Asker: 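The structure is given below, and queries will be raised subsequently.
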Amino acid sequence: MRSLDTDGYARDREELAINTGEAAMHPRPTSLAQLRHSLTPVERATESPHYWEVRNSDFYPTVFARGRFPQADEPRIIAADYVQCAALCWPACGPAALWDFSAISLTFVERDDVIDADGDHDVLGMLKACIADAESGFTSTNEELFGPLMKLVWDRLRGYVPPAQLDRLTSAVLDYFHGCLETAERRTAAETYDDLDAYLRARRRTIGQAIDHVLIEISLGIDLSTELDRPLLKALHTCDIDRVVLLQDLQSLHKEILAGEGEENAVSVIARSRDITTIEAAKLTIELFQATVERHCELSDRLIEETGGGISPYVNGMNRFAAGLISWNARSPRYAGESA
C-alpha cells in the first residue's frame with residue numbers, strides 16, 4: 001500500500017512538475033493543473049452586483065479589528081478576496097448578507113489553514129473552544145482567534161434571519177466543529193482512512209456544505225424547514241455535499257501536496273488505497289466528480305417535479321454555489337496564484 005511519507009510526497013511533487021526554485025508549476029500534458037482545469041461547472045458563475053460595495057466598505061478594517069490576525073497576514077487575506085468568494089457562491093445576496101457571508105467564508109477558510117498547518121498551535125483546544133462558542137449560539141467568546149468575529153456576525157444575522165433558521169445554521173456549524181475535532185484527534189493518533197467511503201463519511205461533516213446549504217436559503221430569502229424531511233431533498237443534499245468534497249479536494253490538492261497536507265484528500269486516499277500515482281488517482285476522482293454531477297442533475301429534476309417547481313430556486317442556488325466555488329478557487333491565489 002502506497003505510503004504518504006516524505007518519499008511519497010517527493011514522488012507527488014515530481015509528478016506535478018514543480019519548479020521548487022520559483023515555487024511554480026510547469027505542467028506536462030498529464031499534469032494535475034490540466035486535470036483540475038477540466039472541471040466544468042453546471043452553469044456559468046455569476047457575481048453579486050454588491051461585490052464592490054462590500055469590498056470597498058468597512059469589511060476588512062472590521063475583520064482585522066475583531067479577528068486576532070497578525071498584521072503580516074493582512075495583505076495575504078485581502079488578496080484571497082473572501083468578498084469575491086461570497087459574491088460568486090451566493091450571488092443572490094444583498095449587501096448585508098454578502099458582508100456576513102464574506103466574514104463567515106474568511107473565518108472558516110482561515111481556521112482550516114490553522115488546523116492543517118504544522119506548528120505549536122493547540123488545534124484540539126481551539127476546536128473545543130469553537131464548540132463552546134457554537135453551543136452558546138455565539139453569544140460567548142471562548143476561542144480567541146476567530147471567536148470575536150463569529151460573535152459579531154451572529155449578532156448581525158439575528159437582525160434579519162428568522163430564529164429557527166438561524167438555529168439550524170448554528171447547529172450545522174456545531175456539527176462541523178465536532179467533525180473537525182474528530183478528524184484532528186484521528187490525525188493526532190496518526191490514523192488514516194482505508195478507503196474512499198470511510199473518508200467521505202468523515203469529510204461530509206468537515207467540508208461545511210451543510211452550513212452553505214442554509215446560507216443558500218438565507219441568500220434567496222427562503223426557509224426550507226418544512227421541506228427538509230423529503231427523502232429526495234435529503235438524497236440531493238448528500239449528493240451535493242459529495243460533489244463539493246470531490247471538487248474542493250481536486251482544486252486544493254496542489255496546495256495541500258506542497259504544504260504536506262495531502263493525506264486527508266480524496267485523491268490521496270484513492271492513491272494510497274489502490275497503490276496508484278497521484279495523477280492516476282486524480283483522473284479517477286474527476287470521473288467520480290462528473291458522475292456525482294450527473295447524479296445531482298437527476299435528483300434535482302425528480303425533486304423539482306415532485307415539488308411542482310417550487311424548489312427550483314434552491315436547486316439553482318446549489319448549482320450557482322458549485323460554479324462560484326470553481327471560479328473562486330481558480331482565481332484565488334490561495335489555490336492558484338502564479339503556480340496555477
Side-chain angles (χ1 to χ4, degrees), residues 4 9 12-13 18 23 25 36 59-60 63-64 66-86 88-89 101-131 133-134 143-150 153 173 176-188 199 202-203 205-209 211-212 244-245 247-268 325-326 328-340:
L4 287 180
Y9 276 115
D12 290 341
R13 290 167 188 252
I18 299 297
M25 178 186 287
R36 183 177 63 189
F59 177 75
Y60 283 112
V63 163
F64 295 141
R66 293 299 182 104
R68 302 292 188 268
F69 302 102
Q71 189 171 3
D73 285 351
E74 294 182 6
R76 175 189 58 75
I77 292 172
I78 293 172
D81 205 346
Y82 293 102
V83 178
Q84 186 177 67
C85 174
L88 288 167
C89 290
F101 290 14
S102 301
I104 291 171
S105 300
L106 186 153
T107 55
F108 278 86
V109 173
E110 292 294 323
R111 182 190 287 107
D112 282 349
D113 282 351
V114 171
I115 292 171
D116 290 338
D118 292 328
D120 298 328
H121 196 88
D122 179 11
V123 170
L124 299 183
M126 181 187 75
L127 287 169
K128 290 175 182 177
C130 289
I131 288 171
D133 288 344
E143 195 280 307
E144 297 180 353
L145 182 57
F146 303 99
L149 184 56
M150 291 291 285
V153 172
V173 172
Y176 163 82
F177 285 147
H178 277 293
C180 289
L181 179 60
E182 290 180 9
T183 298
E185 289 172 341
R186 284 181 62 96
R187 184 182 303 167
T188 300
Y199 170 76
R203 190 72 170 109
R205 299 181 73 190
T206 62
I207 191 65
Q209 190 63 9
I211 301 168
D212 298 328
V244 173
V245 167
L247 164 63
Q248 190 75 351
D249 283 6
L250 282 163
Q251 292 200 291
S252 66
L253 182 63
H254 174 231
K255 174 184 96 62
E256 292 176 358
I257 286 178
L258 290 178
E261 302 166 1
E263 177 181 347
E264 293 181 3
N265 184 296
V267 178
S268 298
L325 185 62
I326 289 175
W328 181 69
N329 284 350
R331 300 182 196 187
S332 174
R334 180 174 187 267
Y335 292 126
E338 295 182 356
S339 60

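FYI, side chains are in, hydrogens and waters are out, and symmetry mates aren't considered; it's all heavy atoms of this structure. Computed from a predicted model, the values in this text were never measured in an experiment.
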Asker: Distance from Q84 atom CD to C89 atom SG, nearest 0.5 Å?
Answerer: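 One gets 10.0 Å once the value is rounded to the nearest 0.5 Å.
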Asker: Is there a side-chain contact between R331 and D81 (heavy atoms, below 4.5 Å)?
Answerer: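 When only atoms from C-beta onward are counted, D81 and R331 do not touch, as no gap falls below 4.5 Å.
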Asker: What residues form a side-chain hydrogen bond (donor to acceptor under 3.5 Å, both in side chains) with E143, not counting sequence neighbours?
Answerer: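 Residues passing side-chain hydrogen bond (donor to acceptor under 3.5 Å, both in side chains) with E143: none at all.
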Asker: Tell me the closest heavy-atom pair linking L325 and Q251, and the distance in Å.
Answerer: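 For L325 versus Q251, the nearest heavy atoms are O-OE1, 3.8 Å.
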Asker: Determine, step by step, whether R205 and E182 satisfy the side-chain contact (heavy atoms from CB on, under 4.5 Å) criterion, reporting the C-alpha distance in whole Å, the side-chain angles of both residues, the deciding distance to 0.1 Å, and the verdict.
Answerer: CA-CA 10 Å; R205 299 181 73 190; E182 290 180 9; 3.2 Å; yes
Asker: Other residues, nucleotides and ligands only: do more than 12 of their heavy atoms fall within 6.0 Å of CZ on R111?
Answerer: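 Yes, the 6.0 Å shell around CZ holds more than 12 heavy atoms from other groups.
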Asker: If only atom types and distance count, is the side chain of W328 paired as donor or acceptor with the main-chain N or O of A80 below 3.5 Å?
Answerer: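 Checked: pair present.
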Asker: Compare every heavy atom of T206 with every heavy atom of C180, then report the nearest pair and how far apart it is.
Answerer: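 It is N-CG2, 3.6 Å.
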Asker: Who are the side-chain contact (heavy atoms from CB on, under 4.5 Å) partners of E74, not counting sequence neighbours?
Answerer: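 For E74, the residues satisfying side-chain contact (heavy atoms from CB on, under 4.5 Å) (neighbours in sequence not counted) are F64, Q71.
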Asker: Can you tell me how far the CD1 atom of I326 sits from the CG atom of L88, to the nearest 0.5 Å?
Answerer: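 One finds 11.5 Å between CD1 of I326 and CG of L88.
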Asker: Measure the shortest side-chain to side-chain distance between Y199 and V245 over non-hydrogen atoms and say whether it is less than 4.5 angstrom.
Answerer: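 Y199 vs V245: side chains touch.
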Asker: Is there a side-chain contact between F108 and Y176, using heavy atoms and a 4.5 Å cut-off?
Answerer: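 In contact.
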Asker: What is the distance from atom CD1 of I104 to atom CD1 of I211, rounded to the nearest 0.5 Å?
Answerer: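 The CD1 atom of I211 is 8.5 Å from CD1 of I104, to the nearest 0.5 Å.
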Asker: If you take all heavy atoms of V114 and M126, which pair is closest and at what distance?
Answerer: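 Scanning both residues completely, I find the closest heavy atoms to be CG1-SD, 4.1 Å.
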Asker: Compare every heavy atom of P75 with every heavy atom of A72, then report the nearest pair and how far apart it is.
Answerer: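 Scanning both residues completely, I find the closest heavy atoms to be O-CD, 3.5 Å.
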Asker: Just wondering, do F59 and S102 contact through their side chains at under 4.5 Å, heavy atoms?
Answerer: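 Answer yes - side chains close enough.
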Asker: Measure the shortest side-chain to side-chain distance between Y60 and L106 over non-hydrogen atoms and say whether it is less than 4.5 angstrom.
Answerer: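 Yes; the side chains approach each other to less than 4.5 Å.
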Asker: Got M150 and D133 here, is their nearest side-chain heavy-atom distance under 4.5 Å?
Answerer: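 No. Closest side-chain heavy atoms not under 4.5 Å.
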Asker: Going by side-chain contact (heavy atoms from CB on, under 4.5 Å), name the residues that satisfy it together with L124, two or more places apart in sequence or in a different chain.
Answerer: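 For L124 the side-chain contact (heavy atoms from CB on, under 4.5 Å) partners, ignoring immediate neighbours, are D122, L181, A184, E185, T188.
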Asker: Taking the side chain as every heavy atom from C-beta outward, state whether R66 and V153 have any pair of such atoms under 4.5 Å apart.
Answerer: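 Contact flag for R66/V153 side chains = no.
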Asker: Starting from the C-alpha separation in whole Å, work towards a yes-or-no answer on side chain to side chain donor-acceptor pair (under 3.5 Å) for T183 and R186.
Answerer: CA-CA 5 Å; T183 298; R186 284 181 62 96; over 6 Å; no
Asker: How many angstroms lie between atom NZ of K128 and atom CZ of F177, to the nearest 0.5 angstrom?
Answerer: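 Rounded to the nearest 0.5 Å, the NZ-CZ separation comes out at 15.0 Å.
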Asker: Do Y82 and E110 come close enough that some side-chain heavy atom pair is under 4.5 Å?
Answerer: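 Yes; the side chains approach each other to less than 4.5 Å.
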Asker: If you look at every heavy atom in F69 and I77, which pair is closest and at what distance?
Answerer: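 Here F69 and I77 meet closest at CD2-CD1, 3.7 Å.
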Asker: Might you work through the salt bridge (charged side-chain N to carboxylate O under 4.0 Å, His left out) test for D249 and R203, ending with a clear yes or no?
Answerer: CA-CA 10 Å; D249 283 6; R203 190 72 170 109; 3.6 Å; yes
